There are 2 protein chains.
Amino acid sequence: MASVADCPTSRREARRESRRDAILQVASDSFLEFGYAGTTMSAIAATLGGSKGTLWSYYPSKELLFNDVLDRLTRDFRARLTLILKTQGDVETTLRRFCAEFLRKVTTPESIALYRLIISETSRFPEVGRIFYERGPRLTQHQLAGYFSGAIDRGLVRKADPLQAARQLIGLCLSGSHQRLLTGVIDELEPGQLDEDIDRAMDIFMRGYAPE
Amino acid sequence: MASVADCPTSRREARRESRRDAILQVASDSFLEFGYAGTTMSAIAATLGGSKGTLWSYYPSKELLFNDVLDRLTRDFRARLTLILKTQGDVETTLRRFCAEFLRKVTTPESIALYRLIISETSRFPEVGRIFYERGPRLTQHQLAGYFSGAIDRGLVRKADPLQAARQLIGLCLSGSHQRLLTGVIDELEPGQLDEDIDRAMDIFMRGYAPE
DNA sequence: ATCAAAAAACCGTACTGTATGGTACGGTAA
DNA sequence: TTACCGTACCATACAGTACGGTTTTTTGAT
């Protein structure tokens, strides 16, 4: 039933789906680059090709388009962050690998732009930040906490609240380059910079959670 | 010489100074609440009283007003963050006190709004983020690093890069409530929440930097 | 010290030109 | 028939300008 409902049943519907997808893509790029206020429907239509009227036939308002864009962007973000925690190796190796993958993903220009957009629009669209948090930070915290909980059970790290420990490791990872990217202090990463960030985070984290 | 230049020499100048101050105050409130795009000069003039033309006589453009507002806001922020590191007590007590004061100051609604504004406007006004970083995060990092360096010299904590250690402690402090305020997940702090954040940060930090 | 005149600052209101979300419509394409 | 196109249009918003009249401050004369 569900698969039938999801299946486009005509050329027409397939076309509309494809067009909607293109709209969302162009709109995403614009919102990410210029923010909500700085994005105009005319510019979207111009980039997209076709007429403005068509764009309006897909989205009755700018706000609805923005909602759809954010929904999509945060879902994509979530998909990207759904790390497959590879648990081969000892705790330090596993956590280091996790941190590397996590940091690499949240420091891409797209991720920085998304985070900026979220923070910017939080007051105008109050649900935005919450949805993002559920699909971003909370997700990674819980993934990591799951692994960490197992490590506690096996006596590989000291007993602690796994979720708090996860938050701390993530917080440590974010306290270097990520913050400077977000505030525009640096525009891009130097080679090896993420590795330094991770080394530092891991150093204190492993000391702080060494088995007792 | 400098004090002479700063001293209003006439009723006229004093009046202009006072008027400029009022403009900056009203504009600050508006930019913080509505962002750059959401702030209109008409609204500023209406709140301020008097005529729009007068406002234009003080600032020839919205952008110049914004620059002045940001300059002022970041200076005020710096003044607030110029913590007097009270070094009585042991290292843990001192650091805890520092963290408490720091977190209290960066989680006020004004500070959150400022950070949001900075992040929002970084692409449109690229210097904004850098200036903020110099007057905010870097300042506190260096204050803390100075203290930490002394503690290293006295063998009270293990040898490490004091600036990196400072960044980490601050990063740990910011990984809880601050992030959730910034993203709008929570609108205000529960009683005791900051203390929890600090306890957690201090716990891992003191373990991680225990003397070897 | 006082006062009148001049200069500067300010007010309220109207206006300008541009921009933007959104609408309308005749003609064409699928 | 439906979807789309290109173009024109609408109403509103907003940074910024203009202008005649009023208020405040300064200046210069007495």
Side-chain angles (χ1 to χ4, degrees), chain A residues 8-70 117 120-121 123-125, chain B residues 7-70 117 120-121 123-125 128:
Chain A
T9 58
S10 66
R11 297 273 301 279
R12 173 163 290 159
E13 280 188 35
R15 248 178 88 93
R16 282 194 73 89
E17 197 70 22
S18 168
R19 190 61 177 264
R20 183 182 294 270
D21 193 64
I23 293 170
L24 285 174
Q25 186 56 60
V26 171
S28 293
D29 294 341
S30 186
F31 284 127
L32 283 173
E33 185 168 357
F34 303 113
Y36 182 80
T39 290
T40 69
M41 300 299 275
S42 300
I44 292 174
T47 303
L48 198 54
S51 87
K52 206 166 144 204
T54 307
L55 178 55
W56 287 115
S57 78
Y58 281 81
Y59 285 97
S61 75
K62 185 179 180 182
E63 193 168 310
L64 284 176
L65 175 60
F66 188 63
N67 283 341
D68 252 18
V69 163
L70 279 185
L117 183 63
S120 303
E121 303 303 334
S123 28
R124 191 182 343 217
F125 302 99
Chain B
C7 191
T9 58
S10 67
R11 296 273 300 281
R12 175 165 286 157
E13 282 186 35
R15 247 177 90 96
R16 285 193 71 88
E17 197 70 23
S18 169
R19 190 63 175 263
R20 183 183 294 270
D21 194 62
I23 293 170
L24 286 174
Q25 187 56 60
V26 170
S28 293
D29 293 343
S30 188
F31 284 127
L32 284 174
E33 185 168 357
F34 303 113
Y36 183 80
T39 290
T40 69
M41 300 300 275
S42 298
I44 292 175
T47 301
L48 196 57
S51 86
K52 207 165 144 204
T54 306
L55 178 56
W56 287 116
S57 78
Y58 280 80
Y59 286 97
S61 74
K62 184 178 178 182
E63 195 168 311
L64 284 176
L65 174 59
F66 188 64
N67 284 341
D68 253 18
V69 162
L70 279 185
L117 182 63
S120 302
E121 302 304 334
S123 30
R124 189 179 348 212
F125 302 99
V128 154

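Treat the numbers as computed from the prediction; the structure is a model and nothing was measured. All values below were derived from every heavy atom in this structure, side-chain atoms included, with hydrogens, water molecules and symmetry-related copies excluded. To find a chain, count down the sequence lines: A is the first, B the second, and so on, and within it residues start at 1.
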Worksheet item: Nearest-Å distance, CG (B/Leu48) to P (C/dC10)?
Response: 11 Å

Worksheet item: Is any side-chain heavy atom of B/Lys52 less than 4.5 Å from a side-chain heavy atom of B/Ser42?
Response: yes

Discussion item. Looking at every heavy atom in both B/Arg15 and B/Tyr58, which two are closest together, and how far apart are they?
Written reply: O-OH, 4.3 Å

Worksheet item: So, the side chain of A/Ser30 versus the backbone of A/Ile44: is there a donor-acceptor pair under 3.5 Å, distance only?
Response: no

Practice prompt. Please list, by residue number, the residues of residues 20-34 of chain B whose heavy atoms come closer than 4.0 Å to an atom of DNA chain D; answer none if no residue qualifies.
Written response: none

Practice prompt. Return no unless some side-chain N or O of B/Arg12 is found under 4.0 Å from OP1 or OP2 of C/dA8.
Written response: no

Discussion item. Nearest whole Å is fine: how far is C/dG12 P from B/Leu55 CG?
Written reply: 13 Å

Worksheet item: Can you find a pair of side-chain heavy atoms, one from B/Tyr59 and one from B/Leu24, that are under 4.5 Å apart?
Response: yes

Worksheet entry | A/Thr54 and A/Ser51: side chain donor to acceptor below 3.5 Å | yes

Discussion item. Counting only side-chain nitrogens and oxygens, does A/Tyr59 get under 4.0 Å of the OP1 or OP2 atom of C/dG22?
Written reply: no

Worksheet item: Would you say B/Arg19 reaches C/dC11's phosphate, i.e. side-chain N/O to OP1/OP2 under 4.0 Å?
Response: yes

Worksheet item: Parallel under 30°, tilted from 30 to 60°, perpendicular over 60°: which one fits the rings of A/Tyr36 and A/Phe31?
Response: parallel

Worksheet, complete the sentence: By nearest-nucleotide position on DNA chain C, the 5'-leaning member of A/Arg15 and A/Gly53 is A/Gly53

Worksheet item: Should A/Ser51 be listed as having a side-chain N or O under 4.0 Å from OP1 or OP2 of D/dC4?
Response: no

Fill in: Any side-chain heavy-atom pair of B/Leu70 and B/Leu117 under 4.5 Å
yes

Tabulate atom names and distances for all N/O pairs under 3.5 angstrom spanning the protein and nucleotides 14-16 of chain D.
residue : atom : partner : partner atom : Å
D/dA15  : OP1  : B/Thr39 : O            : 3.2
D/dA15  : OP1  : B/Lys62 : NZ           : 3.1
D/dA15  : OP2  : B/Met41 : N            : 3.1
D/dG16  : OP2  : B/Lys62 : N            : 2.7
D/dG16  : N7   : B/Lys52 : NZ           : 3.0
D/dG16  : O6   : B/Lys52 : NZ           : 2.8

Worksheet entry | d(CZ, A/Arg16; C1', C/dA29) in whole Å | 15 Å

Worksheet item: Tell me, do A/Asp29 and A/Thr47 make a side-chain contact under 4.5 Å, heavy atoms counted?
Response: no

Item to complete: Check salt bridge (Lys or Arg N to Asp or Glu O under 4.0 Å) between A/Arg124 and all other residues, then give those that pass, not counting sequence neighbours.
Response: A/Glu121

Practice prompt. Compare side-chain N and O positions of A/Ser57 against OP1 and OP2 of D/dA3 and report whether any pair is under 4.0 Å apart.
Written response: no

Practice prompt. In whole angstrom, give the distance that lies between atom CZ of B/Arg11 and atom C1' of D/dT27.
Written response: 15 Å

